[in-house]
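See structure below.
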Amino acid sequence: MRSTKGGGPALNRRRGTRGGGGGGFHTLLSRNALMVLAALCVSIFTLGLVLGMRAVLAAPPTETPLSKTDAIKSVVREGAREVVADARKLERKLGDAAIRAEKRVEYAAWKAGRQIDNVERNVIRGAVEVEKKIERGLRGAGGTLRGHGMADAVDENGEEFARRMERENMEEAGRDADLAAEGVDAGDAPRGGIIGGNTHEAHDIPIRAGEIALPPPQNDGKGPFPPEYMGSAPPPNKDPSALFASWSPPGGDRFPEWKDGATPYAVTPELMSQSDELARGRREYVKAAMRHAWAGYKKYAFGMDELLPQTKRSHNNWGGMGTTLVDSLDTLWLMGMKDEFYEARDWVRDHLDHTHVGGVSVFETTIRSLGGLLSAYDWSGDSAFLEKADDLGSRLVKAFDSPSGVPYGHIELNRGTASNFGWAGGNAILSEIGTLQVEFRYLAKATGKRHYATKSERAFEQLKSIEPDDGLYPLYVKNGGPKPSFSNAKISFGAMGDSLYEYMLKVWLQGGRTESMYRDMYDKSIQGMHDELLQKSSPNGLTYIADKVNGRLDHKMDHLVCFMGGLMALGAYTDPLGFESERAQRDLKTAKELTYTCYQMYARTKTGISPEFVAFAKRDRDFSPGSNAPYYILRPETVESFFILNKLTGDPIYREWGWEVFQSIERYCRTEVAYGGLHNVDDAVGKPEDRMESFFLAETIKYLYLLFDPDTEVDVLNKHVFNTEAHPMRIFPLLDEVGGAAAA
């Protein structure tokens with residue numbers, strides 16, 4: 001707990017900020033005032049009881065012999081002392097509870113007022129910006145003004161948008177106040193740390209000048225969202241295994257209005273409010289899924305790398321670093337499962353030891369373990385996570401000590417020796433080279449050890465030095481000489497290539513959108529993808545990204561590629577040319593088209609679950625599951641894009657598709673103790689496999705929860721960047737703003 005600036009009360013809350021006055025909460029304040037009055041009544045009653053006893057004891061005895069009177073007085077005095085002690089304890093407890101509740105309600109009321117003020121300031125700021133742009137005659141400069149969502153903030157839609165935000169903020173403050181009145185904390189006290197002591201407060205910083213505000217939806221000429229497209233709320237507090245047992249996937253070829261990248265219906269504040277309310281009921285079942293899987297892991301595999309969900313055994317296949325536990329930390333935090341979070345924290349603090357770990361994948365260990373520790377630290381402020389992250393990072397960073405600075409793919413953590421994988425022909429792998437920077441740059445920021453950043457950034461600089469003209473990178477890289485070179489001619493936004501393109505954008509976002517090299521690389525690659533790899537299927541014209549091998553297209557698409565819908569949407573909303581620019585609108589359209597295709601990859605199978613990849617060679621059916629990969633390993637990429645697109649566009653259809661996917665996971669992947677993948681997604685009677693990847697809890701369940709959580713603190717535009725394992729961390733400008741970050 002910390003006392004905040006301005007003399008406000010100390011609040012043991014995740015959103016802890018200065019308390020203050022505020023109106024509109026008379027009912028809640030009256031309820032807490034009654035608690036204070038109750039405590040005072042107890043105090044008065046106790047005082048009267050004590051005084052009365054003293055009066056009785058002071059009265060002279062009548063017929064009782066002196067010895068008996070003394071004995072009675074002794075017994076009564078002892079009993080009175082116990083009553084007084086118990087009464088005082090009760091008085092203190094009730095008094096403290098009343099004071100805490102009153103302060104929390106005051107905080108919630110003040111916070112609602114502050115958030116409303118922020119909305120008003122944004123609208124006023126938007127009006128000022130519009131006026132300035134008109135005066136300067138710059139309205140044609142690539143739509144920059146609308147790219148920051150200000151131009152529409154003062155028209156009719158903007159006013160509706162502001163009113164919706166005001167209503168949501170009031171509802172959020174009311175929920176906080178309800179919790180406070182019940183004596184329930186929204187979060188535990190921060191544990192301190194190098195970056196910004198009270199990390200909870202930093203995640204609640206409002207939008208400031210220079211940040212991006214979501215533009216109001218463009219509803220001109222659009223009809224209302226069809227009521228039949230909006231699903232029904234699940235009944236509360238039902239057993240999920242029984243509730244979803246009768247689920248039958250409704251099939252594909254539905255919702256064709258979204259196929260060509262449109263938002264076909266008006267996204268009104270009323271529609272979004274309806275979707276939010278529906279989502280809150282669904283959110284509880286996603287959280288129940290996490291509880292189910294975590295309970296199985298805790299019982300059968302706690303501290304081990306993975307749980308085997310059918311045989312109820314454990315498996316140490318990632319070096320014995322508690323990979324599932326570490327990978328799940330921020331999921332537990334974001335779902336409010338704080339008891340489980342701190343129990344896991346204790347294991348990390350007391351038992352996680354990297355000195356005994358031999359050979360591991362640099363890439364997998366960085367994104368799962370290092371990323372998991374850093375995100376847990378960023379959200380909780382607990383220094384135990386940063387200490388373990390620093391230890392792990394000091395071992396992993398030795399992989400960058402190649403002649404070229406391009407990292408090796410394999411390292412012995414206990415010995416520090418690194419090499420490339422033999423199965424890759426002794427080459428470094430593209431995605432693994434370029435998917436380490438978000439983690440190591442954050443670690444440098446948190447510890448002040450700059451070499452973590454410089455070594456990881458060197459790898460990107462080397463890739464930039466050999467950048468192809470079309471921005472499309474082959475998958476294998478030779479890193480044994482002073483200058484790297486490509487060693488094959490396969491290009492893919494799927495396996496072994498995918499997350500390089502992801503980190504081009506995300507490193508730029510992490511640094512506050514100032515390091516232009518990364519954004520330039522991203523835009524060039526996306527242009528190359530549009531020019532050379534983007535295809536349409538037959539007969540229905542579904543959009544997909546093909547691979548290219550030796551100059552020829554391979555018409556297949558991995559499930560892994562489905563992250564691109566969310567990535568391109570994020571790139572469009574942050575485009576330096578402005579959101580209304582031709583490039584940004586093209587990228588957003590492609591993002592929506594691709595995400596519709598990925599939804600069809602789920603909807604068209606018998607289980608409602610997507611295979612590992614699909615082939616687009618069948619002209620009469622658009623695509624079919626890959627002949628040698630009809631399996632599903634609990635992958636997250638499609639629901640990741642659902643989350644981001646819903647967050648940015650407000651379109652509720654992505655929640656409807658996500659709910660279908662979640663029901664299919666519950667119906668076909670749930671086991672007695674957790675969840676397992678599927679051997680064949682077109683086998684509706686097959687049993688789940690005996691494997692649960694850690695990324696199911698780190699990514700799939702987290703993205704589904706965030707999709708249905710309209711109240712989340714996560715802000716993908718202005719506050720957080722997700723690593724490729726779905727571990728959200730604050731961007732550097734926020735870390736700098738809260739102060740206390742070590743000089744990097």
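Residue numbers count from 1 along this sequence.
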Any idea which heavy atoms bring [X] and [Y] closest together, and the distance?
| X | Y | value |
| --- | --- | --- |
| Y503 | E439 | OH-OE2, 2.7 Å |
| L325 | G303 | CD1-N, 4.2 Å |
| G261 | K592 | O-CD, 3.2 Å |
| E660 | W247 | O-CZ2, 3.9 Å |
| Y544 | L594 | CA-CD1, 4.0 Å |
| F708 | P710 | O-CD, 3.2 Å |

What pairs with [X] under side-chain hydrogen bond (donor to acceptor under 3.5 Å, both in side chains), at least two apart in sequence or on another chain?
| X | answer |
| --- | --- |
| D554 | none |
| K490 | none |
| T331 | K702 |
| E284 | none |

Listed partners of [X] passing side-chain contact (heavy atoms from CB on, under 4.5 Å), at least two apart:
| X | value |
| --- | --- |
| P652 | F225, M230, L271, S275 |
| P224 | none |
| N317 | D305, E306, H315, R691 |
| E593 | K536, T543, K589 |

Worksheet entry | D239, CG atom: more than 12 neighbouring heavy atoms under 6.0 Å | yes

Worksheet entry | K222 atom NZ, over 12 foreign heavy atoms within 6.0 Å | yes

Practice prompt. Would you please name every residue forming a ring pair (Phe, Tyr, Trp, His ring centres under 6.0 Å) with F363, sequence neighbours left out?
Written response: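 By the ring pair (Phe, Tyr, Trp, His ring centres under 6.0 Å) rule, F363 matches no residue at all.
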
Worksheet item: Can you name the residues that form a ring pair (Phe, Tyr, Trp, His ring centres under 6.0 Å) with Y297, not counting sequence neighbours?
Response: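 Ring pair (Phe, Tyr, Trp, His ring centres under 6.0 Å) check on Y297 returns W294.
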
Discussion item. Applying the side-chain contact (heavy atoms from CB on, under 4.5 Å) criterion to T365, which one of V360, L436, V357 satisfies it?
Written reply: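 Going through the options one by one, the only one that passes is V360.
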
Validation: residues 641-650 side-chain donor-acceptor distances under 3.5 Å, sequence neighbours left out:
residue: S641; atom: OG; partner: C562; partner atom: O; Å: 2.6
residue: S641; atom: OG; partner: G566; partner atom: N; Å: 2.8
residue: N646; atom: OD1; partner: R655; partner atom: NE; Å: 3.4
residue: N646; atom: ND2; partner: D651; partner atom: O; Å: 3.0
residue: T649; atom: OG1; partner: L645; partner atom: O; Å: 2.6
residue: T649; atom: OG1; partner: D651; partner atom: N; Å: 3.1

Worksheet item: Does a donor on one side chain sit under 3.5 Å from an acceptor on the other, for H559 and Y632?
Response: no

Worksheet item: Just checking, any donor-acceptor pair under 3.5 angstrom between side chains of Y599 and R254?
Response: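 A donor-acceptor contact under 3.5 Å links the two side chains.
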
Please list every donor-acceptor pair under 3.5 Å in which a side-chain atom of residues 671-680 meets a protein atom from a residue at least two apart or in another chain.
residue: T671; atom: OG1; partner: P309; partner atom: O; Å: 3.0
residue: T671; atom: OG1; partner: V673; partner atom: N; Å: 3.3
residue: T671; atom: OG1; partner: A674; partner atom: N; Å: 3.0
residue: T671; atom: OG1; partner: A674; partner atom: O; Å: 3.3
residue: E672; atom: OE1; partner: K312; partner atom: NZ; Å: 3.0
residue: E672; atom: OE2; partner: K312; partner atom: NZ; Å: 3.2
residue: Y675; atom: OH; partner: E666; partner atom: OE2; Å: 2.5
residue: Y675; atom: OH; partner: R670; partner atom: NH1; Å: 3.0
residue: N680; atom: OD1; partner: D682; partner atom: N; Å: 2.9

Practice prompt. Evaluate ring pair (Phe, Tyr, Trp, His ring centres under 6.0 Å) for Y265 paired with W258, printing each intermediate quantity in order.
Written response: CA-CA 10 Å; Y265 302 106; W258 279 267; 5.7 Å; yes

Looking at [X] versus [Y], is the centre-to-centre ring distance below 6.0 Å?
| X | Y | value |
| --- | --- | --- |
| F493 | Y501 | yes |
| F722 | Y703 | yes |
| H720 | W379 | yes |
| F385 | F341 | yes |

Worksheet item: Does L509 reach the side chain of L570, with side-chain heavy atoms less than 4.5 Å apart?
Response: yes

Practice prompt. Could you tell me whether the side chain of W657 reaches within less than 4.5 Å of the side chain of F255, counting heavy atoms only?
Written response: yes

Fill in: Partner of S694 under side-chain hydrogen bond (donor to acceptor under 3.5 Å, both in side chains), chosen from T323, T324, D327
D327

